[in-house]
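Structure record follows, encoded as structure tokens.
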Amino acid sequence: MIIKLYNTLTREVEPLTPLRKEYVAMYSCGPTVYNYVHIGNLRAFVMTDVIQRVLKAIGGYNVRWVMNITDIDDKIIHDSAAGSNVWQEEMGASSSDAKQNLRAFTRFYEDEFLKDIVSVGLDINHFYKMPRATEYIGEMQELIRAIVKNKFAYISDGSVYFDVTAYEKSYAYGRLFQIDRENFREGVRIDADEYDRENVSDFALWKGKKPGEPFWEFEIEGQQLPGRPGWHIECSAMSHAILGLPIDIHTGGVDLRFPHHEDELAQCCGGYGVSDQSSFWVHNEHLEVEGKKMSKSLGNFFTLRDLIKLGIDPIDLRFALLLAHYRSKLNFTFESLKAAAASRKRIQEFIWDVISVSNGTSTDGVKNESESVSAPSFQYLKKAAEALADDIHTPRALAELNTFVGSVSIGELSAQSASAILSEMKIFNEVFGVWTFSPHSAIEVPTEIVLLAEKRWEARKMKNWSESDRLRDEIANRGWTVMDGKDSYELEPRQ
RNA sequence: GGUCCCGUGGUAGAGUGGCUAUACAGAGCUCUGCAAAAGCUCGUACAUCGGUUCAAAUCCGGUCGGGACCUCCA
């Protein structure tokens, strides 16, 4: 199926036509590893994960998916410096070697990041590569030399800056984000950078070393400029080195449109001479909590571990994130998270019911193929797939999936229809990744509970209702629910 | 100061001129000794004011409210 995506470059939903026959090249801006990711960050990673899954499962493409790890930037340098008050014991001993501290610090948060994204359903094997910025310093320096050589950058006071004014004479600047430089807001942020650049719209490609900071040697135009890369240069250099330019899809949060992506694009055009870094630029909207931007001061700031502490299953968070379209703001509330969990469970129960029909263990009875059974309404699934192909419309797809589930009567299914449903549902789960297709494993029930339940079943058979109800209460007090069937009962942990 | 987005039922969230979104929660019913689970049914929601139109949640304008971005934040 043709996949359509909203492209920030054209501000339109466009059909994707991959540039290469063999695979779709996709680059996602990854985390800056200086802290635990929060649920807003996770939305971006889940979104980008679902895009690549749709490309594979619905589009039928091979995908080379790259996500970078930013392990060098101002905050990292600050927080990993010797004597930092945010240094964690697990990072090991802080030393006098700034580079070594930086490495210990970032590796710690990189590991935590990987754990977190796996928790919310990403599969590390899906990545073609997860490059660290510090491992591509050479490529970045090469790109910077090329940009300087092309006269789109200048050296000033030990640093290298991109010259937007010069660049604009040959290329368009502001393709992803129309900036209005006449009306730059007055404020401290513009002057926050202590480095010397000629124009406020210029940005650093290379930042000269400051005392105590980690640095890399850099020779350019016969000068020695020890220092470190600017923020934007890594993504330009790594997308070029690993995937080759132009790529098909570049993703990130809306806030990255400007300056990060705009500057990446300018660096690629100005340095590599390509006309585009990427055909598609896809940006996800932010997540809000109780209608407000997440912020620590408002007390509505959550990391994944905060939610896990509250007893929330990370996969329910994944599902809750997919309940909204990626280009809409998502209002995260605990009530909606609870609703998401119940909704996910509903489909999971359906899958388990269908599995029991397909393997003949259903207690509802299985129909023969010859018996006139109503065929499952597969048109809903077709619509669901179309919704995914249409700019990754997960909420519409889930609505169709729910309608499909509601249209199927388990008791009317043949084993063959059940198998057909399962193979269809598996395709959707390749995208959503929130359900399991293993048979409903019997949860281990403690012997004492089983004994009580057996006793109750006997009492019930004798129509001794008061004893039966007493035992049910006792079982309930110990955390289990009894559900009576026709010839047997089931035990489930109480919710 | 500039640019832009949004305001849908208790909650979340689709829908962009006339046709049931969907899910969760809630109410009623069926089943059940009673429950639980499951199934069925239901609610007459589109911030507000005005305009366009045979017809507006949907288009246009005003108002109110929320939010984002405007140099390193996903």
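Because the structure is a prediction, the values reported are computed rather than measured. Each chain gets a letter, A, B and so on, in the order its sequence line appears, and its residues count up from 1.
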>> Checking A:Tyr36 against A:Tyr109 for the ring pair (Phe, Tyr, Trp, His ring centres under 6.0 Å) test, could you report, in this order, the C-alpha distance in whole Å, the side-chain angles of both residues, the deciding distance, and whether it holds?
In response: CA-CA 6 Å; A:Tyr36 299 108; A:Tyr109 282 115; 5.3 Å; yes
> Within the pair A:Lys329 and B:G13, is there a side-chain N or O less than 4.0 Å away from OP1 or OP2?
Replying inline: no
>> For A:Asp316, give me all partners under side chain to side chain contact (heavy atoms under 4.5 Å, CB included), at least two apart in sequence or on another chain.
In response: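 Testing A:Asp316 for side chain to side chain contact (heavy atoms under 4.5 Å, CB included), a comparison that skips the adjacent residues, returns A:Asp313, A:Ala341, A:Arg344.
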Is a donor on one side and an acceptor on the other found under 3.5 Å between the side chain of [X] and the backbone of [Y]?
| X | Y | answer |
| --- | --- | --- |
| A:Ser236 | A:Glu264 | yes |
| A:His325 | A:Asp391 | yes |
| A:Ser278 | A:His250 | yes |
| A:Ser336 | A:Phe332 | no |

> Can a donor-acceptor pair under 3.5 Å be found between the side-chain atoms of A:Lys207 and the base atoms of B:C72?
Replying inline: yes
> Using 30° and 60° as the class limits, which term best fits the ring planes of A:Phe113 and A:Phe45: parallel, tilted or perpendicular?
Replying inline: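 Aromatic pair A:Phe113/A:Phe45 classed perpendicular.
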>> Just the rounded figure in Å: distance from C1' of B:A74 to CE of A:Met67.
In response: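 Atom CE in A:Met67 sits about 10 Å away from atom C1' in B:A74.
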> What does nucleotides 14-36 of chain B look like as a protein-contact string, B for base, S for sugar-phosphate only, - for none, at under 4.0 angstrom between heavy atoms?
Replying inline: SS-----BSSS--------BBBB
>> Around atom NE2 of A:His126, are there more than 12 heavy atoms from other residues, nucleotides or ligands closer than 6.0 Å?
In response: yes
> Where are the stems of RNA chain B, defined as at least 3 consecutive Watson-Crick or wobble G-U pairs with both distances under 3.5 Å?
Replying inline: B:1-7 with B:64-70, B:10-12 with B:22-24, B:26-30 with B:38-42, B:47-51 with B:59-63
>> Please pick, from B:A12, B:A74, B:C72, the nucleotide with the shortest atom-to-atom distance to any side-chain atom of A:Asn41.
In response: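 Nearest listed nucleotide: B:A74.
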>> Nearest heavy atom decides the nucleotide; on that basis, is A:Lys293 or A:Thr333 closer to the 5' end of RNA chain B?
In response: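 Its nucleotide being nearer the 5' end, the pick is A:Thr333.
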